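Predicted model only: the values in this text are computed from it and were never measured.
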Amino acid sequence: RSSAWSRTPVCADAAAPASVRAKLTNATRAGNDRVATLERGADGVYTGRMAPVPPGRWLVSIETDAWRLPTVEAGGALQEVRLGTARAVD
């Protein structure tokens, strides 16, 4: 089973890149690192797939050749990662 990735638009104009790279980096097990290309859909949402990752602490980064968003840390058994506008938690 593959892990799904999605990302809401960062910019609302035509300058948004057609694709971005999503990287999952494990500081203690480099052999488990993953990279996936996320393609921008007509709705402006980037999606893609990568091989499943074992549970643990992961550094998640989104980048292109021209820029990189700040890296965030995620943990546990990752099934899906969503980056975008913050929402209130119920």
Side-chain angles (χ1 to χ4, degrees):
R1 189 168 112 185
S2 343
S3 299
W5 285 76
S6 68
R7 180 180 147 300
T8 56
V10 171
C11 51
D13 61 23
S19 65
V20 297
R21 283 182 303 280
K23 292 185 176 184
L24 279 180
T25 305
N26 187 299
T28 60
R29 293 183 221 121
N32 287 334
D33 294 354
R34 305 281 195 273
V35 178
T37 299
L38 309 181
E39 301 292 336
R40 183 174 186 233
D43 58 0
V45 175
Y46 293 87
T47 59
R49 297 197 171 283
M50 70 173 47
V53 296
R57 288 179 28 178
W58 297 92
L59 298 177
V60 180
S61 62
I62 305 294
E63 63 185 39
T64 69
D65 290 338
W67 54 261
R68 179 174 57 192
L69 295 177
T71 300
V72 296
E73 186 175 322
L78 301 179
Q79 296 291 323
E80 180 176 85
V81 175
R82 291 179 179 259
L83 303 174
T85 308
R87 296 182 188 175
V89 177
D90 294 331

Q: Minimum heavy-atom separation for S19 and T64, please, with both atom names.
A: O-CG2, 3.9 Å

Q: Applying side-chain contact (heavy atoms from CB on, under 4.5 Å), can you list everything that pairs with E63, at least two apart in sequence or on another chain?
A: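 Result, side-chain contact (heavy atoms from CB on, under 4.5 Å) vs E63: R21, K23, S61, R68.
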
Q: Got a sec, which residues hit side chain to side chain donor-acceptor pair (under 3.5 Å) with N32, two or more places apart in sequence or on another chain?
A: none

Q: Looking at V20 and W67, what are the two nearest heavy atoms and their distance?
A: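 Closest heavy-atom pair between V20 and W67: CG1-CH2, 4.0 Å.
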
Q: Could you report the tightest heavy-atom contact between R57 and N26, atom names first, then the distance?
A: O-ND2, 3.7 Å

Q: Taking all non-hydrogen atoms of both residues into account, name the closest pair between R40 and P17 and its distance.
A: CD-O, 3.4 Å

Q: Over all heavy atoms of both residues, which pair between Y46 and A16 is shortest? Give the atoms and the distance, please.
A: OH-CB, 3.7 Å

Q: Are L69 and V60 connected in the hydrophobic side-chain network, where two residues link if heavy atoms are under 4.5 Å apart?
A: yes

Q: Is there a path of hydrophobic side-chain contacts, each under 4.5 Å between heavy atoms of I, L, V, M, F, W or Y residues, that connects V72 with W58?
A: yes

Q: Show me the pairs that pass salt bridge (charged side-chain N to carboxylate O under 4.0 Å, His left out) and involve residues 29-39, at least two apart or across chains.
A: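 Pairs touching residues 29-39 that pass the test: none.
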
Q: Supply the atom-to-atom distance T25 OG1 to E73 CD, rounded to the nearest 0.5 angstrom.
A: 11.5 Å

